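Structure first, commentary second.
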Amino acid sequence: MAVYKALTVAGSDSGGGAGIQADIKTFQELGVFGMSVLTALTAQNTNGVHGVFAVPPEFVAQQMEAVLSDLGTDAVKTGMLFDSSIIRTVADKLKEYKVKNYVLDPVMIAKGGAPLLLEEAVAAVKEYLLPLSTVVTPNLPEAEVLTGMKRIETIEEMKEAARILHEGGALNVVIKGGHGTGPQVTDLLYDGDTFIEITADRFDTPHTHGTGCTFAAAIAAGLAQGMSVPDAVKQAKAFITAAITHPLGIGSGHGPTNHWAYNRCEK
Ligand SMILES: Nc1ncnc2c1ncn2[C@@H]1O[C@H](COP(=O)(O)OP(=O)(O)OP(=O)(O)O)[C@@H](O)[C@H]1O
Ligand SMILES: Cc1ncc(CO)c(N)n1
């Protein structure tokens with residue numbers, strides 16, 4: 001049996017719905033061996049982020065070396081990276097170990113408004129990570145920050161943002177529509193040539209904590225198994241849609257999605 005491996009480089013969510021915990025659960029459900037490099041610890045629950053404890057960049061490097069020099073990986077996903085020194089460290093290691101299949105989730109702000117990426121680090125994401133990425137997966141506010149566009153709401157504006165990020169070095173761009181409005185939620189995939197719109201009904205729920213992490217981890221799992229980018233993105237959309245539409249209903253705020261649903265609930 002072939003064993004496929006994926007590595008998440010991200011922050012820990014003590015509440016278990018986002019970050020490293022969401023990624024590992026997603027890898028497991030999609031049949032990929034999950035590994036993790038922690039960039040920060042958050043004291044977090046469904047009501048928000050109560051504290052952040054960043055890992056020194058030297059220790060982030062040590063974790064990446066430990067994993068990549070021994071186990072290796074078929075894909076890497078990055079999430080919360082917090083500051084520019086961690087970003088440079090991660091970029092150096094991705095290059096040193098010639099990582100293929102890199103999914104960049106440019107996590108910036110948690111649902112309650114807490115910063116998960118310092119402002120000083122935005123330029124480093126663009127300079128060091130975007131050009132290495134196989135797929136970048138910004139939500140609408142993140143796409144605005146990365147492109148400098150004032151407003152991204154319509155499909156035409158999403159297409160323009162995707163073009164800018166592709167020119168910035170990403171091989172493929174997925175602009176996620178979760179922060180939009182209307183009865184449907186559309187994610188837009190662009191490979192520099194063709195646009196693919198992937199649409200689902202918008203599910204009315206407060207339990208959307210960690211949707212972005214889960215979606216990006218699912219893309220990484222598909223790529224690790226040798227799927228094409230469009231197939232991995234479509235599978236990820238099906239995975240997150242199942243996770244959102246079968247809520248667990250736990251916690252008093254924005255609860256986690258249901259990572260079991262894709263494999264165990266009726267679609
Ligand atoms: N209410 C919803 N109903 C159905 N799908 C949704 C809903 N909200 C988000 N999604 C889907 O979830 C995925 C993540 O999108 P979203 O824009 O929420 O990411 P995000 O803001 O980065 O998430 P987070 O920061 O909470 O982890 C996308 O595929 C999006 O289409
Ligand atoms: C650790 C962590 N990473 C990412 C997010 C974004 O959902 C979060 N809330 N917490």
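The model shown is predicted, which means the values in this text are computed figures rather than measured ones. Order of listing sets the numbers, starting from 1, for every ligand and every atom in it.
Crowding of E120 atom CD: a count of heavy atoms from other residues, nucleotides or ligands under 6.0 Å exceeding 12.
Ligand 1 lies nowhere less than 4.0 angstrom from a heavy atom belonging to A18. Taking a 4.0 Å cut-off on heavy atoms, I244 registers as neighbouring ligand 1. No heavy atom of D105 sits closer than 4.0 Å to any atom of ligand 1. Contact annotation: A200 has no heavy atom less than 4.0 Å from any atom of ligand 1.
Compare K237, M108, K176 by their heavy atoms: the one nearest to atom 31 (O) of ligand 1 is in K237.
In this structure, K5 forms no cation-pi arrangement with F33, as its terminal cationic atom is not both closer than 6.0 Å to the ring centre and no more than 45° off the ring axis.
Between T211 and ligand 1, an N or O atom pair is found at a separation short of 3.5 Å. Among the atoms of V185, none of the N or O lies under 3.5 angstrom from an N or O of ligand 1. Residue T205 has no nitrogen or oxygen atom sitting less than 3.5 Å from a nitrogen or oxygen atom of ligand 1, judged on distance alone. The shortest N or O to N or O distance between F203 and ligand 1 is under 3.5 Å. Looking at ligand 1, you won't find any N or O of R202 less than 3.5 Å from one of its N or O atoms.
If you check which protein heavy atom lies closest to atom 26 (O) of ligand 1, you get K111 NZ, 2.3 Å. Here the heavy atom of the protein found nearest to atom 28 (C) of ligand 1 is D187 OD2, 3.3 Å. Regarding atom 9 (C) of ligand 1, its nearest protein heavy-atom neighbour is G178 CA, 3.6 Å. In this structure, atom 21 (O) of ligand 1 lies nearest to the protein heavy atom H179 NE2, 2.5 Å. Among all protein heavy atoms, the one lying closest to atom 27 (O) of ligand 1 is G212 N, 2.9 Å.
Using a 4.0 Å cut-off to heavy atoms of C213, the atoms of ligand 1 that qualify are 27 (O).
Scanning all heavy atoms of the two residues, the minimum distance from H207 to T257 falls at O-CG2, 3.8 Å. Looking at every heavy atom in both residues, I20 comes nearest to S36 through CD1-CB, 3.6 Å. Residue P138 comes nearest to L146 through the heavy atom pair CB-CD1, 4.4 Å, listed as atom of the first residue, atom of the second, then distance. Across all their heavy atoms, N101 and D74 have their closest contact at ND2-O, 3.0 Å.
Note: F239 and Y262 have tilted aromatic rings, judged against thresholds of 30 and 60 degrees for the angle between ring planes.
Taking 4.0 Å as the cut-off between side-chain N and carboxylate O, R151 and E144 do not count as a salt-bridged pair. Taking 4.0 Å as the cut-off between side-chain N and carboxylate O, K176 and D105 count as a salt-bridged pair.
In this structure, the side chain of Q63 engages the main chain of L38 through a donor-acceptor pair within 3.5 Å. Under a 3.5 Å cut-off, the side chain of T73 and the backbone N or O of V76 do not form any donor-acceptor pair. Q235 contributes no side-chain N or O that, together with a main-chain N or O of A232, makes up a donor-acceptor pair within less than 3.5 Å. Between the side chain of T208 and the main chain of T211, no donor-acceptor pair closer than 3.5 Å is present.
Residue-level proximity to ligand 1 for F215 is carried by the side chain, the only part with a heavy atom below 4.0 angstrom. By the criterion of a heavy-atom distance under 4.0 Å, neither the backbone nor the side chain of T245 is placed next to ligand 1.
Within 4.0 Å of ligand 2, the residues that place a heavy atom are G11, S12, A18, G19, Q44, M80, V107, A110, L116, H209, C213, listed by chain and number.
Applying the 4.5 Å side-chain rule to ILVMFWY residues, one finds V103, V135, V174, L189, I196, I198, F203, F215, I219, L223, V229, V233, I244 in the same cluster as I240.
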